[in-house]
Structures are given as structure tokens and as C-alpha cells.
Protein chains: 2
Amino acid sequence: MPSKVPSSIKDGHTHKISEATVSRLPAYYRALSQLADAQQIRISSEELAALTGVSSAMLRKDLSHLGSYGTRGVGYEVEFLRYQISREMGLNQDWSVVIVGVGNLGRALAHYGGFGSRGFRVVALVDADQTLIGTKVKCGAEGKTVELLVHALSDLEDVIKETNARLGVVATPAESAQVVSDRLVKAGIRSILNFAPVHLSVPEGVDVRKVDLASELQILAFHEQRKAI
Amino acid sequence: MPSKVPSSIKDGHTHKISEATVSRLPAYYRALSQLADAQQIRISSEELAALTGVSSAMLRKDLSHLGSYGTRGVGYEVEFLRYQISREMGLNQDWSVVIVGVGNLGRALAHYGGFGSRGFRVVALVDADQTLIGTKVKCGAEGKTVELLVHALSDLEDVIKETNARLGVVATPAESAQVVSDRLVKAGIRSILNFAPVHLSVPEGVDVRKVDLASELQILAFHEQRKAI
DNA sequence: ACACATTTGTGCAAAAAAGCACAAATCGTC
DNA sequence: GACGATTTGTGCTTTTTTGCACAAATGTGT
Ligand SMILES: NC(=O)c1ccc[n+]([C@@H]2O[C@H](COP(=O)([O-])OP(=O)(O)OC[C@H]3O[C@@H](n4cnc5c(N)ncnc54)[C@H](O)[C@@H]3O)[C@@H](O)[C@H]2O)c1
Ligand SMILES: NC(=O)c1ccc[n+]([C@@H]2O[C@H](COP(=O)([O-])OP(=O)(O)OC[C@H]3O[C@@H](n4cnc5c(N)ncnc54)[C@H](O)[C@@H]3O)[C@@H](O)[C@H]2O)c1
């Protein structure tokens, strides 16, 4: 009778995790990090769900895809679960990010301190504007500030090779975004975060996630319009 | 036989439009706007789908929820369809936006010109930082620049009343986001765009959309990690 | 050792979203 | 004015996601 084959066997993460689940893991991870900072040892699915705005059933099902890391009747150990999620998502390694387009938004992203603490390091800035190229931009918030040189667009491939960047951020105007994306891909980047309001077409095997702020406002406006009175 | 009851009857948009569809309408709208700018008169579902990165069947089904605005064998009239989407989404009116938190990100949003051209007007800036309050910040890109005064957090309710803002943007640190959100709601705001990396809990009837950049990078990292070699 | 209160993990049902395939409508042409 | 080439709109199927409910596991107290 196989009564001794349990938990540890399903921990191997060869299992396919659904896209919907993946999109929620970061929120769980963040909440767990905060709980860990606050020295909390354990948490129930009910509480963690409330913190992250999902139902407890969904939370448990999401987590069950990673393995059986909770204890029935008790809950989850905060630090242990946090570590498991970070391992699953590849957050226990550092990720190098290149930002293309150092305007309003690119600069705000560079200044932002919240990335570093999550294992993302902005390692290169690239722009096409001659007056920007060669200038220095502060990266990261207080504590871990680094000054980065803005490189010329023509050096994009070299910069990526030298810095080993694996994530690319497109923060150029819409007109340039596709060209920039093509060059990022050609230089070996296979994960792109796009802020320009255009659809980027990329070869299979390359992931693009878009952040479209105007769309978000439009979606809000749509619902707002429908609210009576 | 009711063979004379067709198209026009289903145009009334009392019909429920699915959330997935709503989230794609802005992309269609933007592509159509570009096509209109380029003087293109007509477009097929196949072409528009390619421009926006969806399948043509999905595009047609999405559009069919608004009404029957295409012509079989021909396609859609760019300007007409664009107008129908804008009407459906409430984009033929202006939406006033209040931004709370005028740091890196809040400032970038304020400077951004792309909102104005889509009917969103930043009408008020609010911050808690004494050194920022009373200073002026340029809003909008060249052409339609306005200088806005940064108001004190204590004036939030008054500012919202005076400016009639209906959309609120939270760009404060995570610690303050829930408090700010509560006050926005109390002041009558029922649509919030949240950039702070926390889940905002709001009463029923209030919509929150979150833009979580660190999460986006983490999702990319997850997939990147899984790509062999 | 045993009853009891918790809380997880999951099988199954329901709902939502995406994809397929084709009839119906339209246009241009002969 | 009939025919063939196109392209929409949509019924139906498949897949994905969410929600429900409860058995299985754990801890506690007596
Ligand atoms: N700023 C915002 O709040 C905001 C909001 C929504 C969307 N966006 C989008 O984000 C993108 C950036 O916005 P922004 O406000 O920072 O614009 P911006 O004009 O301030 O900055 C764009 C930067 O890209 C550079 N650039 C132009 N072409 C380039 C190229 N081919 N290669 C490299 N760099 C190039 C420019 O020199 C400039 O520095 C735009 O697509 C915009 O639509 C911005
Ligand atoms: N800058 C980015 O690229 C970026 C990226 C991802 C997420 N975010 C998130 O967006 C938010 C803003 O980021 P930022 O880089 O602009 O931070 P920031 O520190 O530059 O700006 C925050 C601003 O909010 C103000 N503020 C603080 N408490 C307030 C309160 N109670 N009411 C009103 N204003 C208050 C501060 O005075 C400051 O001006 C943060 O939650 C951050 O985590 C920013």
C-alpha cells in the first residue's frame, strides 16, 4: 500500500502552472514578504487571501500547484512559503534589466527603488536622443543608488551583451517601439515589458507584457459611465 | 415572417459586454485612431486583428457585442467604428483625473501628453510632502501644457469637489495607499487606478484597477526562467 | 486515547473565455 | 441579374478559470 509516498513527490515543479495562477503569485509573494518583515510566523489561506484580494479557495488552489506547503488545521509558514514562491518564480536570482527610452517614464522607472528589492537590477539605459546620450542618471532609491550612463541606441546590442541583460523595457514613443523591440529580440532579449501604446509583434518564444495606462483609464471610464446617476 | 427586424435592433447597447471584451476595446480604439489619422477608410477584421494582436474571430465577436457595424464582404469603416467604440466606452466626453502622490511616477503621469488626446485631463495634484505643496507642476505635453498647483492632502475632498474629478490615481508609497484610497472613496471617487504595490480594499460599487510593474517583471522572469537555455 | 475544532488540498460543477467553422450578406464582374 | 470571391456575424465546441463543498490531516484539550 503506498501510504508512504506523499507530499515530497509532488513538490517537483515539472507540473504546468496556469497563466492565471502565475499572474497572482507576485501578489502572494509581496504580501508574504510584508508579513515576514512584520515577524509573522504563520498565516491561513483565509487571511492571505484577504490581503491579496482573492478568494481563499483560489489561493489554496494556486498554491497547491507549487506543492503541498501548508499544514491542515494550521496554515502556511510565512517564510517557507515565501521562499517556495520565490524559487518557483526565479526570484532568488538577480535579473538584469535594460531600459530603452529614458524620458518621463524611463527615468521614473530607473529612479524607482522597488525593483532592486525584488531582485531586478537596471543595468543599462539606452536612448536615441543625442542630448541625453552620455549623461548620467541616478538609478535606484536611497541606500543603493547607482549612476548609469545613457548609451546610444546604436550601442544597444553591445550593451546587452556586456551587461547580460535578460529583460528589456520599452519606454520609447509608440512610433519607435516596434523597431526597438526588433533590435532587442535580435540582441537576444526574449522578455519585454512594453509601455508604448502599440502592439509589438515578436517571434515565437519571445514574451511581451504590455502596460497600457491609457487603456486602464479607459476601462475605468467605461465602468464609471455605466454607474447609475 | 420577421425578415425585416435585423441589424438596427441590436444596436442599443443595453447588452452586457464581457470584461474580457472591455479590456480589449481600448486597443481597437487606438489602432482605429491611427488608421483614421492615416486616412484609411476601411479595414477588415483580419487586418485590425493583426494590428492589435488578437485573432480575427475574437475581434469580430468583440465588436459584435457593440452592434453590427461591419459590412460583409467589405469590412469595417474606420471612422464609424472608432466612433462607435468611443461612444460605447464613454470617450466622447472628458474625464477629469486627480493624481495623489506627485513623486517619480505621479510626475511622469502628469507630464505625459498621451492622456489629454484620449479625453483624460489631469485636473488636480495632491501630495502630503510639505516641500511639494504649493509648487507648480507642468501637466500635459507640448501644445497643451497647463501648470497645476500641488495641493495638500488635507484639501483632497475640497479639490475633488471643485474640479469634479471622477477618476483617482494613487501614486503614493504602498504604506499610504489604503488611507488615500479610503479618502478618495469618501470624497465620492468610484474609479481608482492604483500604482502602489498593495491590494486596495474598497466598498462595493468602487472599481480599482492596479498597475503593478514589479509583478509584470516577475511574471516575465517566471517565463524567462522556464525557457530552456 | 479520543472527540472536537481548524484549515488545507482537491474532485466536481459552473461560468467565462477562446477558438472553429460556416451560413448569410455584400461587392464586383460578366 | 446571376455567379464567384470576400468577409462578417454567430452557433457550437473546447479550453480555461473560478467557485463550491467536503474528506483528509493536523492540533488541542480532556
Ligand atoms: N509618461 C507616462 O506617464 C506615460 C503614460 C502612458 C504611456 N506612456 C508611454 O510610454 C512611452 C514613454 O513615455 P514618456 O512619457 O517617457 O515619453 P518621453 O517622450 O518623455 O520619452 C521617450 C524617450 O524615448 C526616446 N526615444 C525616442 N525614440 C527612441 C528610439 N528609437 N530608441 C531609443 N529611445 C528613443 C526619446 O529620446 C525620449 O527620451 C510612450 O510610448 C508613452 O506613450 C507614458
Ligand atoms: N516609480 C516607478 O517606476 C514605480 C514603479 C512601480 C511601482 N511604483 C509605485 O508607485 C508608487 C509611487 O512611486 P514613486 O516612485 O513615484 O514614489 P515617490 O516616493 O517618488 O513618490 C511618492 C509621493 O507620494 C507622496 N506621498 C506620501 N504619502 C502620501 C500621502 N499619504 N498622501 C499623498 N501623497 C503622499 C510623497 O510625498 C511622494 O511625493 C509607489 O507605491 C511605488 O511602489 C513606482
- Return yes if the base of D:dG9 and the side-chain atoms of B:R72 contain a donor-acceptor N/O pair under 3.5 Å, otherwise no.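 Absent.
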
- Item | Distance-only donor-acceptor test, B:K61 side-chain atoms vs D:dG9 base atoms, 3.5 Å |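 Such a pair does not exist between side chain and base.
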
- Query: Are side-chain heavy atoms of B:E157 and B:R183 found at a separation under 4.5 Å?
  - Reply: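 The answer is yes; the side chains approach within 4.5 Å.
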
- Task: Please examine the side chains of A:F222 and A:L220, heavy atoms only from C-beta on, and report whether any two atoms are closer than 4.5 Å.
- Result: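 Not in contact.
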
Rounded distance (Å) that lies between atom [atom2] of [N] and atom [atom1] of [X]:
X	N	atom1	atom2	result
B:E19	C:dA16	CD	C1'	12 Å
A:L48	C:dT6	CG	P	20 Å
B:D62	C:dG19	CG	P	11 Å
A:Y69	D:dA25	OH	C1'	18 Å
A:E46	D:dA21	CD	P	14 Å
A:R42	C:dT6	CZ	P	16 Å
A:Y28	C:dT8	OH	P	13 Å
B:H65	C:dA18	NE2	P	11 Å

Check this one for me: any side-chain N or O of [X] less than 4.0 Å away from OP1 or OP2 of [N]?
X	N	answer
A:S68	C:dG9	yes
A:R60	D:dA24	no
B:S45	D:dT8	yes
B:Y76	D:dG9	yes
A:S18	D:dT16	no

- Using heavy atoms to find the nearest nucleotide of DNA chain D for A:T71 and A:S55 separately, return the residue whose nucleotide is more 5′.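 Looking at DNA chain D, the more 5' nearest nucleotide goes with A:S55.
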
- A:Y69/A:Y76 aromatic ring centres below 6.0 Å: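 No.
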
- Task: Would you mind telling me which of D:dG9, C:dC27, C:dA18 lies closest to the side-chain atoms of B:S64?
- Result: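 Nearest to the side-chain atoms of B:S64, counting from C-beta on, is D:dG9.
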
- Can you spot which of B:V169, B:L167, B:L184 makes a side chain to side chain contact (heavy atoms under 4.5 Å, CB included) with B:I192?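 Per the side chain to side chain contact (heavy atoms under 4.5 Å, CB included) rule, the option paired with B:I192 is B:L184, out of B:V169, B:L167, B:L184.
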
- May I ask you to say what A:R24 touches in the nucleic acid, namely base, sugar-phosphate or nothing, with a heavy-atom cut-off under 4.0 Å?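 Touches sugar-phosphate only.
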
- Message: At 4.0 Å (heavy atoms only), tell me whether A:T21 reaches a base, stays on the sugar-phosphate, or touches nothing.
- Response: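 A:T21: no heavy atom of the nucleic acid under 4.0 Å.
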
- Item | A:R42 with A:E47: basic N within carboxylate O range, under 4.0 Å |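 Result for this pair is no, no salt bridge flagged.
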
